[in-house]
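Computed over heavy atoms, backbone and side chain alike; hydrogens, waters and symmetry mates excluded.
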Amino acid sequence: MRRRTTPDSFDAAAVRPWNAQLDGLGFGGDYNPEQWPAEVREEDVRLLQEAGVNVLSVAIFSWATIEPREGELDWTFLDETMDRLHAAGIRVALATATASPPPWLTRKYPEILPRLADGTVLHQGARQSYAVTHPVHREYALRMAARMAERYGDHPALALWHVDNEIGCHVPRDYSDAAAAAFRTWLADRYGSVEHLNTAWGTAFWSQRYGSFDDVLPPLTAPMFANPTQQLDFDRFSSDALLEYYRDLRDTLREITPRVPTTTNLMTTSATKGMDYFSWADDLDVVANDHYTISADAERHVELALSADLARGVAGGEPWMLMEHSTSAVNWQPRNRPKTPGEMLRNSLQHVARGADAVMFFQWRQSQAGAEKYHSAMLPHAGTDSAVWRSTVELGATLGRLAEVRGSRVAARAALVVDYPAWWAAELDSHPTQDLRYMDEVRAWYTALWNRGVTVDVVTPRTDLDDYDLVVVPTLYLVDDAGAANLASAAERGAVVVVTFFSGIVDEHDHVRLGGYPGAFRALLGVRTEEFAPLQAGERVAVVGKAVGGDATADLWTEHTHVADGTEVVATYDDGTLAGGAAVTRRDVGSGSAWYVGTRLDRAGLDALVTCLVEESGLTPEVAAPAGVEIVRRQAGDGTTWLFAINHTDEAAVLDTPSGTELLTGSAVDGPLDVPAGAVRVLRTTA
Ligand code: GLA
């Protein structure tokens, strides 16, 4: 395989910003002109301009159009598209066209097809039917990327490279022979000797000891639970293999066009756990994210906020691009609801409030054929006489009024710790309960903070926490010593640190830290748990204490916890086998404090507890707002701030804000800020 690496001469500082040629925020979407005849493409230009679109993602799925038979290249549609968009003043995020290999490639080399753990082959006919580790596929994909760079690298419409598409979306774990071989190489690099692997994997158990790396396989479907560390390392390997695929394509592009920025679209939703995006961040010139709300989720706007904050966390706080979301319904959920009037605008501005400098969609024009024909678009089947089209045009105008927020950063004094390896490890099989879902815990805490109007930065256990007054650590099952020490030092320095059940249990190899749970956090929290006592489905226990609002209930998890001297029990179990035992504790640590929550509180109990924690950490809301009115602040280095007020309710809200200028209505505000039901207001204030 031809392995490219970024040349030593590469100058990262010379890479131009993706939005260097835009005046304000990016607005656009995926554009698939190959699906349409010439007269429609002509009409596109007029309507794109009418909507105010300034950036489009092009050629994501164009490989088979450009190269219908091996070596026969037809660039007509793409040449025309690039020129036409340039003439219209629209910039292009040009894809490598590799997101789906053409049929001739998988027919010629069926060995590049990916496989499931049970050996099922994932055939061509849909998309993403390739093993990222297969050398033949890599060779063809790199060649395609190089051709794109050679042909369009100097094209004036080119703003950035869009590598592949949602890498790992459909095949986050591939169990093909190519993947197995790459896994063995990855393990040899990680462990150096098979004896080190045996120690890390605990292979003295169940006669799993390996005599050679050659005997190691991915965790294929087996008679019983596969070795947990093998599963965890396969998760790590798979994330790295997907990243390496990105890097190879990126380096190919970089060699030919060293000044053009490169990215790929991530999927930081609470359902996508395949990739450790924090470990991908350094390789992206700008973080790009895709997000779709879930019809069945009554609090989808809160989940959206978490996804946006996670994208900003991956970006280390820098502005990022919303590369895809939907104007209305999608096609891939069991029941796909359209968005209500105003919802798409609120969704879009939530992303902007939380750091996005571009709002883009899948896709520009709704397809007439293919599996996504019932997925909404900026221009729907109904045409321009439609609410969706009017909302597209309205959004374009609105983003135009918000041009000045570009480049500013989001203000947050609370941190929420999220860690992908901890997520993978927490959900392994053969655990105390099968009911634990890591993101449920993250989301419950995020929602309680959102309800209190607290903006959080999503961080990892390794992030420098000096800027935070409150650090929330939900179910960090796996943590290494450095991560645990970093969290403890935040409390010493003065932060309120709260850790929840099933945290600090194992080291990076998924070996239990002995001497009582939660091993890594025992000293910080001043607690020691002898045994876990997970609850049965539907079982609840009562929890009492002022910190949980008097009376609360809990489900999923309890544990038998002893407290050390100096640790205060602030809530206890009130019934069940642990009645009278510690459920929530608190301890002074250095200039801060450390709280432990050994169970899963109901919503009211968690809200009460978060209220205590917010008060103790001295966090004050940006602006007092009624429930359901989201307040987020972006700020520039010169002291200018933009207060976003997003009203998700059916009632008008009146907010007591500083004076300033409201950008959507263009009016001066000197007194209360009115935010009509379902509306958004953005108030600029200057220091
Ligand atoms: C993903 C893909 C797009 C499209 C949308 C549909 O985000 O990147 O190509 O399939 O999903 O929601």
Side-chain angles (χ1 to χ4, degrees), residues 309 313 412-419 422 426 438 441-449 452 454-505 513 516-529 545 547-548 559 561 563-571 582-601 605-620:
D309 287 348
R413 302 284 309 167
L416 177 70
V417 174
V418 170
D419 188 59
Y438 175 75
E441 304 313 310
V442 169
R443 202 176 147 182
W445 280 84
Y446 183 87
T447 302
L449 290 158
R452 293 267 326 169
V454 176
T455 303
V456 302
D457 279 345
V458 177
V459 302
T460 77
R462 297 162 298 283
T463 305
D464 180 345
L465 298 169
D466 278 359
D467 288 339
Y468 300 107
D469 300 318
L470 174 63
V471 179
V472 179
V473 189
T475 306
L476 190 68
Y477 168 67
L478 174 152
V479 66
D480 62 14
D481 294 347
N486 187 44
L487 296 169
S489 69
E492 289 283 347
R493 193 257 313 142
V496 174
V497 176
V498 55
V499 177
T500 81
F501 63 92
F502 212 39
S503 286
I505 307 300
R513 294 170 178 276
Y517 315 122
F521 297 120
R522 239 173 16 228
L524 168 68
L525 302 168
V527 298
R528 182 169 163 273
T529 290
V548 297
E559 55 186 50
T561 302
V563 298
D565 287 349
T567 302
E568 187 191 349
V569 176
V570 298
V584 182
T585 66
R586 182 195 174 283
R587 181 180 180 83
D588 286 328
V589 176
S591 336
S593 66
W595 292 63
Y596 183 55
V597 186
T599 187
R600 182 163 80 178
L601 294 166
L606 185 55
D607 281 347
L609 181 58
V610 165
T611 300
C612 283
L613 295 166
V614 166
E615 270 166 22
E616 182 172 311
S617 49
L619 291 172
T620 41

How far apart are the closest heavy atoms of [X] and [Y], and which atoms are they?
X: Arg452; Y: Val610; value: CG-CG1, 3.9 Å
X: Arg586; Y: Val570; value: CB-CG1, 4.0 Å
X: Pro518; Y: Val527; value: CD-CG2, 3.8 Å
X: Val418; Y: Pro461; value: O-CD, 4.2 Å
X: Glu441; Y: Thr475; value: CG-OG1, 3.6 Å
X: Glu616; Y: Ser593; value: OE2-OG, 2.5 Å

Give, for atom [atom1] of [X] and atom [atom2] of [Y], the distance between the pair rounded to the nearest 0.5 Å.
X: Leu619; Y: Arg413; atom1: CG; atom2: CZ; result: 7.5 Å
X: Tyr438; Y: Leu478; atom1: OH; atom2: CG; result: 10.0 Å
X: Asp309; Y: Thr455; atom1: CG; atom2: OG1; result: 7.5 Å

Donor-acceptor under 3.5 Å ([X] side chain, [Y] main chain):
X: Arg493; Y: Ser591; answer: no
X: Arg522; Y: Gly516; answer: yes
X: Arg587; Y: Asp565; answer: yes
X: Thr585; Y: Trp595; answer: no

Are the side chains of [X] and [Y] in touch, meaning some heavy atoms are under 4.5 Å apart?
X: Ser489; Y: Leu465; value: no
X: Val584; Y: Leu609; value: yes
X: Trp445; Y: Leu613; value: yes
X: Glu559; Y: Tyr517; value: no
X: Asp419; Y: Val479; value: no
X: Leu416; Y: Pro474; value: yes
X: Leu449; Y: Leu470; value: yes
X: Thr567; Y: Tyr596; value: no

Can you name the ring pair (Phe, Tyr, Trp, His ring centres under 6.0 Å) partners of Phe502, sequence neighbours left out?
His431, Tyr477, Phe532, Trp557

Salt bridge Arg462-Asp464, side-chain N to carboxylate O under 4.0 Å
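No salt bridge links Arg462 with Asp464.
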
From Val473, Leu487, Leu476, residue fulfilling side chain to side chain contact (heavy atoms under 4.5 Å, CB included) relative to Val499:
Val473

